[in-house]
Number of protein chains: 2
Amino acid sequence: MKTSFSYKEIKEKGYKITRQREIVFDILRKANMHLSADEIYIKAKSRNPGIGLTTIYRTLEMLYNLGYVNKYDFGEGRARYELNDTMVETCKHHHHLVCLRCNRVIDYTDFVPQETELITKAISGISRKYGFKVQTHIIQFYGICKECQKRKK
Amino acid sequence: MKTSFSYKEIKEKGYKITRQREIVFDILRKANMHLSADEIYIKAKSRNPGIGLTTIYRTLEMLYNLGYVNKYDFGEGRARYELNDTMVETCKHHHHLVCLRCNRVIDYTDFVPQETELITKAISGISRKYGFKVQTHIIQFYGICKECQKRKK
DNA sequence: CTTTATGCAAAACGTTTGCATCGAG
DNA sequence: CTCGATGCAAACGTTTTGCATAAAG
């Protein structure tokens, strides 16, 4: 299991390792939540006040292209990023419960063993029928969280 | 199976039925694809040139709150909407294969019978453990489509 | 009549781009 | 040295908001 970025792989693809990129890498590695570009920017500025938001976006794009981060949309009008579970051992594979009322996101990890099997089966079916090569998948459940149900209208 | 909007339900929630809303309803009902707000706007203008884009957004928001439409993000920087499969019989429940290179979206309907069972099981588990009331779910597979694999770099 | 919906213009927002400069390799 | 990376400001495209007017119920 990979626990850190492959600097070698990054360099091979023609990317350079910079102080700014290392900071973004590190923030993602230590985050145990899905961060928005802006949240990463705030955190990064405390370590390097001169860093630009543009650099955050470009670094995230690079990592996304390398397949190191997942990009999510939870309906807030901005993207959230998270290191791929192949990158950090502490980040277990999981899915999300998104509350439609308060936008809270709950990580869901209670997989029935069936799930992996089913997904694997689906991926090979997709490959066979559509010639589509699957890299990642997301499963999201939308609904109303416990708290919002209480203070219901 | 519901095949049209419940005007009664809409009125009960305090919404009014207007010419503009009926047009948007109808466009969604006839669409066999995920439409963006702008695409709906173009279509709507041919029937009512005076209609405003704002109205499209507000109608979509209403339908989303009513749970009549699903809202998707395929990474294009804008949302796409589609009537919920409970609303239109021609719109079968499906998931999406999103090509990371060309952004094409393929509808995926080949469910193994296991899937429904698994999702049902997951939903009741989620309800039990988190008290979260699931309304919809999305499953999306990201990868490279057949065509993009051919013209590979 | 009362209340919600509309259309317009302007604002807001996240994200991207052009460009001169900087720094990694 | 060279080429990619950076930071800034400006541009972009989508979505939202304020407000006066229009229309639904």
Side-chain angles (χ1 to χ4, degrees), chain A residues 5-27 34-66 69 71-81 100 103, chain B residues 5-27 34-66 68-69 71-81 103:
Chain A
F5 290 92
S6 165
Y7 282 24
K8 191 163 163 287
E9 191 179 342
I10 293 176
K11 284 182 187 168
E12 272 166 9
K13 302 233 175 174
Y15 296 112
K16 291 176 178 175
I17 307 292
T18 63
R19 172 155 163 60
Q20 291 90 329
R21 288 182 173 172
E22 289 188 305
I23 290 172
V24 175
F25 296 170
D26 193 59
I27 287 169
H34 331 92
L35 299 173
S36 66
D38 198 65
E39 286 166 354
I40 295 169
Y41 177 52
I42 305 293
K43 282 173 189 281
K45 270 207 294 200
S46 69
R47 289 211 239 162
N48 177 353
I51 200 167
L53 179 54
T54 312
T55 300
I56 310 294
Y57 276 107
R58 285 193 277 229
T59 303
L60 289 169
E61 191 196 10
M62 175 192 83
L63 294 172
Y64 184 71
N65 291 338
L66 287 165
V69 302
K71 190 176 174 181
Y72 296 105
D73 171 66
F74 297 131
E76 309 162 287
R78 61 177 166 175
R80 291 193 166 271
Y81 303 82
L100 293 167
N103 282 320
Chain B
F5 290 93
S6 164
Y7 280 25
K8 189 163 163 291
E9 191 179 342
I10 292 176
K11 284 181 187 169
E12 272 166 8
K13 302 232 175 172
Y15 295 113
K16 291 177 179 177
I17 306 293
T18 63
R19 173 157 162 59
Q20 291 90 329
R21 286 183 176 173
E22 288 188 305
I23 290 172
V24 174
F25 296 170
D26 193 58
I27 287 168
H34 332 90
L35 298 173
S36 67
D38 198 65
E39 286 166 354
I40 295 168
Y41 177 53
I42 305 291
K43 283 175 191 280
K45 269 207 293 197
S46 67
R47 291 211 238 164
N48 176 353
I51 201 168
L53 179 55
T54 312
T55 301
I56 309 294
Y57 275 107
R58 285 192 277 228
T59 303
L60 289 169
E61 192 195 10
M62 176 192 81
L63 294 173
Y64 183 72
N65 291 339
L66 287 164
Y68 290 176
V69 302
K71 190 175 177 182
Y72 295 105
D73 171 64
F74 297 130
E76 309 163 287
R78 61 177 165 176
R80 292 193 167 270
Y81 303 82
N103 281 321

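Within every chain, numbering begins at 1; the chains are lettered A, B, ... in the order of the sequence lines, protein sequences first and strands thereafter.
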- Have a look at the helix from C/dC1-D/dG25 to C/dG25-D/dC1 and give the angle its two end axes make, five pairs each, rounded to 10 degrees. 40°
Sequence neighbours left out, what passes side-chain contact (heavy atoms from CB on, under 4.5 Å) with [X]? Give chain and number order.
X       : result
A/Lys45 : A/Tyr41, A/Ile51
B/Tyr64 : A/Leu100, B/Val69, B/Lys71
A/Thr18 : A/Gln20, A/Arg21

- Message: If the condition is salt bridge (Lys or Arg N to Asp or Glu O under 4.0 Å), which residues does B/Arg47 pass it with, not counting sequence neighbours?
- Response: B/Asp26
- Check the pair A/Leu60 / A/Ile40 against side-chain contact (heavy atoms from CB on, under 4.5 Å), numbers first and verdict last. CA-CA 10 Å; A/Leu60 289 169; A/Ile40 295 169; 4.0 Å; yes
- Query: When the distance from OH of A/Tyr57 to C1' of D/dA10 is rounded to whole Å, what number comes out?
  - Reply: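 That distance rounds to 16 Å.
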- Message: Whole angstroms only, please: what is the NZ-C1' distance between B/Lys8 and D/dA24?
- Response: 19 Å
With sequence neighbours excluded, residues passing side-chain hydrogen bond (donor to acceptor under 3.5 Å, both in side chains) with [X]:
X       : result
A/Glu39 : A/Arg80
A/Glu61 : none
A/Tyr15 : none

- B/Ile56 and B/Ala37: which non-hydrogen atoms are nearest, and at how many Å? CG2-O, 3.7 Å
- Separation of A/Leu66 CG from A/Lys13 NZ (nearest 0.5 Å): 5.5 Å
- Query: Listed by chain and number, what are the ring pair (Phe, Tyr, Trp, His ring centres under 6.0 Å) partners of B/Tyr57, not counting sequence neighbours?
  - Reply: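 B/Tyr57 satisfies ring pair (Phe, Tyr, Trp, His ring centres under 6.0 Å) with no residue once adjacent residues are dropped.
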- Between residues 13-22 of chain B and DNA chain C, which residues have a heavy-atom gap below 4.0 Å? B/Gly14, B/Tyr15, B/Lys16, B/Thr18, B/Gln20, B/Arg21
- Message: So if I take residues 45-56 of chain A and measure heavy-atom distances to DNA chain D, which residues fall below 4.0 Å?
- Response: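 Correct list: A/Gly50, A/Ile51, A/Gly52, A/Thr54, A/Thr55.
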- Begin from the C-alpha positions of B/Leu35 and B/Lys43 and carry the test side-chain contact (heavy atoms from CB on, under 4.5 Å) through to its verdict. CA-CA 10 Å; B/Leu35 298 173; B/Lys43 283 175 191 280; 4.1 Å; yes
- Message: For a side-chain contact (heavy atoms from CB on, under 4.5 Å) check, start with the C-alpha distance between B/Phe25 and B/Ile10, then their side-chain angles and the critical distance, and finish with the verdict.
- Response: CA-CA 12 Å; B/Phe25 296 170; B/Ile10 292 176; 3.8 Å; yes
- With a 4.0 angstrom cut-off to heavy atoms of chain A, pull out the first and last contacting nucleotide of DNA chain C, in 5'-to-3' order.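 So the contact region on DNA chain C extends C/dG14 to C/dG25.
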